[in-house]
Amino acid sequence: MIIFVYALAMSSPSALTETHQSDIACVATLATLAERQRLGTAPSDLPNVGQSGKRWAGIVGSRITEQSGQPRELVAVAMAEAAKAEFQRPSDPATIHKCAMQMSQELATADISDQPLPKPVTSK
């Protein structure tokens with residue numbers, strides 16, 4: 001019994017770090033941009049992030065889930081809530097470009113390492 005409690009304590013989820021929260025904020029920023037692009041309300045000088053943003057969100061979600069031990073669904077809810085909050089704010093081009101650069105670098109790294117991508121989560 002003591003071994004089970006110890007094993008459970010060792011595998012319990014940890015809180016999201018500042019880096020995780022920053023990554024979630026970037027995913028939310030780019031998700032908001034993608035939605036505004038879809039609606040035709042985004043400035044035309046910003047990068048198109050529709051497809052690449054979805055792919056990157058999956059990579060970030062998987063990384064946060066693995067590093068924090070949080071359930072995948074909880075990380076997905078955190079991303080969705082962050083995107084809802086972000087959609088209410090005006091776009092900040094500097095933040096968008098910073099997040100787009102981070103996304104491009106991480107997607108290039110994923111392509112180079114030829115890792116299998118996480119399967120998309122479909123909503124019910």
Side-chain angles (χ1 to χ4, degrees):
M1 178 71 162
I2 293 174
I3 294 173
F4 176 72
V5 171
Y6 180 71
L8 186 60
M10 293 298 291
S11 65
S12 64
S14 62
L16 298 180
T17 66
E18 279 188 41
T19 300
H20 295 149
Q21 292 173 12
S22 175
D23 287 348
I24 288 172
C26 266
V27 167
T29 296
L30 296 182
T32 298
L33 174 59
E35 180 62 12
R36 288 184 175 143
Q37 287 173 335
R38 189 185 71 75
L39 296 171
T41 60
S44 60
D45 62 333
L46 296 175
N48 187 344
V49 296
Q51 291 301 317
S52 56
K54 285 181 188 179
R55 183 173 167 228
W56 184 59
I59 291 170
V60 170
S62 291
R63 180 177 64 235
I64 292 172
T65 299
E66 182 180 309
Q67 291 174 352
S68 70
Q70 295 289 342
R72 184 174 170 175
E73 295 78 13
L74 185 68
V75 173
V77 167
M79 287 180 171
E81 290 300 315
K84 283 181 194 175
E86 182 67 30
F87 197 75
Q88 301 304 315
R89 292 189 277 263
S91 297
D92 176 26
T95 301
I96 290 170
H97 286 294
K98 177 187 79 80
C99 292
M101 183 177 295
Q102 178 183 348
M103 177 185 69
S104 295
Q105 291 170 344
E106 290 186 17
L107 288 175
T109 300
D111 288 342
I112 290 170
S113 63
D114 199 32
Q115 296 176 348
L117 297 174
K119 293 183 180 179
V121 177
T122 57
S123 54
K124 295 179 182 177

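Listed here is the closest heavy atom pair of Ala83 and Ala31: CB-CB, 4.4 Å. Taking all atoms of both residues into account, the shortest heavy-atom contact from Ala57 to Val27 is CB-CG1, 3.8 Å. Closest non-hydrogen pair, Ala78 versus Ile24, comes out as O-CG2, 3.8 Å. Of all non-hydrogen atoms in Ala110 and Ile59, the two that sit nearest each other are CB-CD1, 3.9 Å.
From Met101, atom CE reaches atom CE of Met103 across 11.0 Å, with rounding to the nearest 0.5 Å. From Leu16, atom CG reaches atom CD1 of Ile64 across 6.5 Å, with rounding to the nearest 0.5 Å. Taken from CD in Glu86 to CG in Leu30, the straight-line distance is 9.0 Å, to the nearest 0.5 Å. Rounded to the nearest 0.5 angstrom, Thr29 OG1 and Lys98 NZ are separated by 7.5 Å. Rounding to the nearest 0.5 angstrom, the gap separating the CD atom in Glu106 from the SG atom in Cys26 is 9.0 Å. To the nearest 0.5 angstrom, Trp56 atom CH2 is 10.5 Å from Gln105 atom CD.
For Gln21, the CD atom sits in a packed shell: over 12 heavy atoms of surrounding residues, nucleotides or ligands are nearer than 6.0 Å.
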When you look at Gln70 and His20, which way does the side chain to side chain contact (heavy atoms under 4.5 Å, CB included) test go after all the steps?
CA-CA 11 Å; Gln70 295 289 342; His20 295 149; over 6 Å; no
Could you give me the CA-CA distance, side-chain angles and deciding distance for Thr19 and Asp23, then say whether side chain to side chain contact (heavy atoms under 4.5 Å, CB included) is met?
CA-CA 6 Å; Thr19 300; Asp23 287 348; 4.1 Å; yes
Under the salt bridge (Lys or Arg N to Asp or Glu O under 4.0 Å) criterion, do Lys84 and Glu81 qualify, and how do the steps go?
CA-CA 5 Å; Lys84 283 181 194 175; Glu81 290 300 315; 3.4 Å; yes
Might you work through the side chain to side chain contact (heavy atoms under 4.5 Å, CB included) test for Leu46 and Arg36, ending with a clear yes or no?
CA-CA 11 Å; Leu46 296 175; Arg36 288 184 175 143; over 6 Å; no
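The closest donor-acceptor contact from the side chain of Ser14 to the backbone of Ser68 lies under 3.5 Å. Judged by distance alone, the side chain of Ser22 and the main-chain N or O of Glu18 form no donor-acceptor pair under 3.5 Å.
In terms of hydrophobic clustering, with Ile, Leu, Val, Met, Phe, Trp and Tyr side chains grouped at heavy-atom distances under 4.5 Å, Leu33 and Phe87 are assigned to different clusters.
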